[in-house]
Protein chains: 2
Amino acid sequence: MSGPEIAVDRSSPVPLYFQVAEQFAAAIQRGDLAPGDRLDSELRLADQLGLSRPTVRHAIQHLVDKGLIVRRRGVGTHVVRGEVRRSVELTSLHDDLLRAGQRPSTSVLELATVPCPPEVAAALGVPADSEVQHLRRLRFADGEPLAVMENWLPIDRVRLTIDALQGNGLYGILRAGGIRIRGAQQRIGARAATGAEAQMLGERRGAPMLTMTRTAYDDQGHYVEHGAHIYRATRYSLEVTVAER
Amino acid sequence: MSGPEIAVDRSSPVPLYFQVAEQFAAAIQRGDLAPGDRLDSELRLADQLGLSRPTVRHAIQHLVDKGLIVRRRGVGTHVVRGEVRRSVELTSLHDDLLRAGQRPSTSVLELATVPCPPEVAAALGVPADSEVQHLRRLRFADGEPLAVMENWLPIDRVRLTIDALQGNGLYGILRAGGIRIRGAQQRIGARAATGAEAQMLGERRGAPMLTMTRTAYDDQGHYVEHGAHIYRATRYSLEVTVAER
DNA sequence: TAGTGGTCTAGACCACAAT
DNA sequence: TTGTGGTCTAGACCACTAC
């Protein structure tokens, strides 16, 4: 039981636990560690890598949270059986498409400063009728229409421009503006397409659509974005991985 | 800055970090800690509670993972702004309904041992055509039809009975059988109802339905259940909370 | 009985933000 | 400069599993 080759670089600014976690994750993804395979124990790994047990433990816990491995007291740590799929986590549709090898493009339907509608104000935690940026986009994947996305953002954070929005995802623009998204609450449902939506997306009126509303918060716990999106159900679905702590 | 009253019981079998996390979560839910409020620093909390810093840190990290608070180096720890909603995590529809104060009931449409269909075999990591239990249920909430749920389980784990299934959720039965679900991969989408589905659920044919397929694994990293469910979109949606680590 | 992961302690140094 | 969270160490005891 030697396991994959793992090496840490103590001069790197990347935390040691993260280096270890990444290398194990890569080994699992590569198939170097097969489903059901056992990892060395924490103590053994700590010894092998020249790290303390808490640091090794931190790395392993990271992989448990990602749903890649399972641990049992008295037994050991094993790679989860079955093929590994990746969950979407906190990325934007734009980034998801890029990762999947599809070419995202965007047509900005609307970009304006408006008084905040009451439901959105409640979600964002801003006063009703305070000014927010309102944004409506049509997103394509490889030239095929995929989603209509409507978003609201408090104005005092980042100034959006049509130019930027055409070539980038919203989260990318926020990131470039120094806003770090740290978490979000999402509600996922389904409904029938309205006539207007159907026309934009090349579906029939009444076609089933996947809907997602999301409110995302940043570093400071301030909500920075509320979105209401609809996706063509025939072309898109969401993946979620859940792991207990 | 004194914060809510937190007390730990060192004689309890409940881990100290968990006791602390639970009490903070309750204080936030109660509104005792309001959105934006600052928590005491780790060192101060450790001092107040008579715990070590790593233990306090563990408790706080637990709350970050749940999306209740946000931390910034050099700044502090704050309750997330905006109302707190709970995410579904690893519960079953049965439990979700109970928690929401609705009365779940179940009609078992099918329960049989069958050769495993190839897609399901791939998901569960069992040989194709090996024997599995196949299960189809119609779930009601307060007497209204809500979902059609189809599941496959390897036979060697738990024996299902119609009696048990009528009064309990599948996960409850598994739990009672000593199977601990530790994680799952879920795919959420939407599609139109077939004629048969529409009839069972009291919808029109072609009505938009929310779909979820889930593969859940246990303690040992073995996949123990694969499900394909459809929900009436007018009556059900899924909530997901995502937080970065 | 031996080995595993789960919990807990008491320190340390650092990067970062606010002042 | 001060205080914060982020990382890391080197131990310890325990509950649980497998043998």
Side-chain angles (χ1 to χ4, degrees), chain A residues 1 3 8-22 24 37-65 69-79 178-180 182 218-222 243-245, chain B residues 1 3 8-22 24 37-65 69-80 178 180 182 218-222 243-245:
Chain A
M1 191 192 317
V8 296
D9 173 8
R10 298 194 93 102
S11 71
S12 161
V14 177
L16 300 176
Y17 82 88
F18 195 77
Q19 293 184 35
V20 174
E22 289 281 277
F24 270 112
D37 274 5
R38 174 174 179 168
L39 273 65
D40 285 330
S41 74
E42 292 180 352
L43 288 170
R44 214 185 301 263
L45 282 170
D47 191 41
Q48 287 166 16
L49 301 172
L51 298 171
S52 70
R53 185 181 166 207
T55 299
V56 169
R57 187 170 171 74
H58 193 170
I60 293 180
Q61 187 57 44
H62 199 78
L63 298 173
V64 172
D65 291 342
I69 58 177
V70 176
R71 322 195 71 187
R72 275 182 302 162
R73 171 154 52 180
V75 178
T77 302
H78 296 265
V79 178
I179 296 182
R180 208 165 145 211
R182 288 295 272 275
D218 69 355
D219 277 310
Q220 309 175 42
H222 283 118
E244 255 190 14
R245 270 159 236 303
Chain B
M1 193 196 314
V8 296
D9 172 7
R10 298 194 91 104
S11 71
S12 160
V14 178
L16 299 176
Y17 82 88
F18 195 78
Q19 293 185 35
V20 174
E22 289 281 276
F24 270 113
D37 274 5
R38 174 174 180 170
L39 273 65
D40 285 330
S41 74
E42 292 180 353
L43 288 169
R44 212 185 301 264
L45 283 170
D47 191 41
Q48 288 166 18
L49 302 172
L51 298 171
S52 70
R53 186 184 164 204
T55 300
V56 169
R57 188 171 171 74
H58 193 170
I60 292 179
Q61 188 56 44
H62 198 77
L63 299 173
V64 172
D65 291 343
I69 59 177
V70 175
R71 322 195 72 187
R72 273 182 303 162
R73 173 152 52 181
V75 177
T77 302
H78 293 85
V79 178
V80 161
R180 216 178 133 196
R182 288 295 273 273
D218 69 356
D219 276 308
Q220 309 175 43
H222 283 119
E244 256 190 14
R245 270 158 239 300

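Below, read A as the first sequence line, B as the second, and so on, with proteins coming before strands; counting in each chain starts at 1.
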Would you indicate what [X] reaches in the nucleic acid, counting non-hydrogen atoms under 4.0 angstrom: base, sugar-phosphate, or nothing?
{"X": "B/Leu43", "result": "nothing"}
{"X": "B/Ile60", "result": "nothing"}
{"X": "B/Pro54", "result": "base"}

Item to check | Within-4.5 Å side-chain heavy-atom neighbours: B/Phe24 and B/Leu45 | outcome: yes
Next on the checklist: For a 4.5 angstrom cut-off between non-hydrogen side-chain atoms, does A/Gln19 reach A/Asp9?
Outcome noted: yes
What's the separation between atom [atom1] in [X] and atom [atom2] in [Y], rounded to the nearest 0.5 Å?
{"X": "B/Ile60", "Y": "B/His58", "atom1": "CD1", "atom2": "NE2", "value": "11.5 Å"}
{"X": "B/Arg53", "Y": "B/Asp47", "atom1": "CZ", "atom2": "CG", "value": "13.5 Å"}
{"X": "A/His62", "Y": "A/Ile69", "atom1": "NE2", "atom2": "CD1", "value": "10.5 Å"}
{"X": "A/Leu39", "Y": "A/His78", "atom1": "CG", "atom2": "NE2", "value": "9.0 Å"}

Checklist outcome for this item: Ranking B/Gly76 and A/Gly50 by the position along DNA chain D of their nearest nucleotide, the one closer to 5' is B/Gly76
Checklist entry - Does the side chain to side chain contact (heavy atoms under 4.5 Å, CB included) test come out yes or no for A/Leu51 and A/Val8, once each step is laid out? => result CA-CA 9 Å; A/Leu51 298 171; A/Val8 296; 4.3 Å; yes
Checklist outcome for this item: Residues at least two apart in sequence or cross-chain that pass salt bridge (Lys or Arg N to Asp or Glu O under 4.0 Å) with A/Arg73, listed by chain then number, are none
Checklist outcome for this item: When rounded to whole Å, the CG to P distance for the pair A/Asp47 and C/dG3 reads 14 Å
Next on the checklist: What is the separation between atom CZ on A/Arg53 and atom P on C/dG3, rounded to the nearest whole Å?
Outcome noted: 14 Å
If you restrict it to nitrogen or oxygen atoms, what contacts under 3.5 Å exist between nucleotides 15-19 of chain C and the protein, and what is each distance?
none

Item to check | Where chain A begins and ends its contact with DNA chain D, read 5' to 3' at 4.0 Å from heavy atoms | outcome: D/dT7 to D/dT17
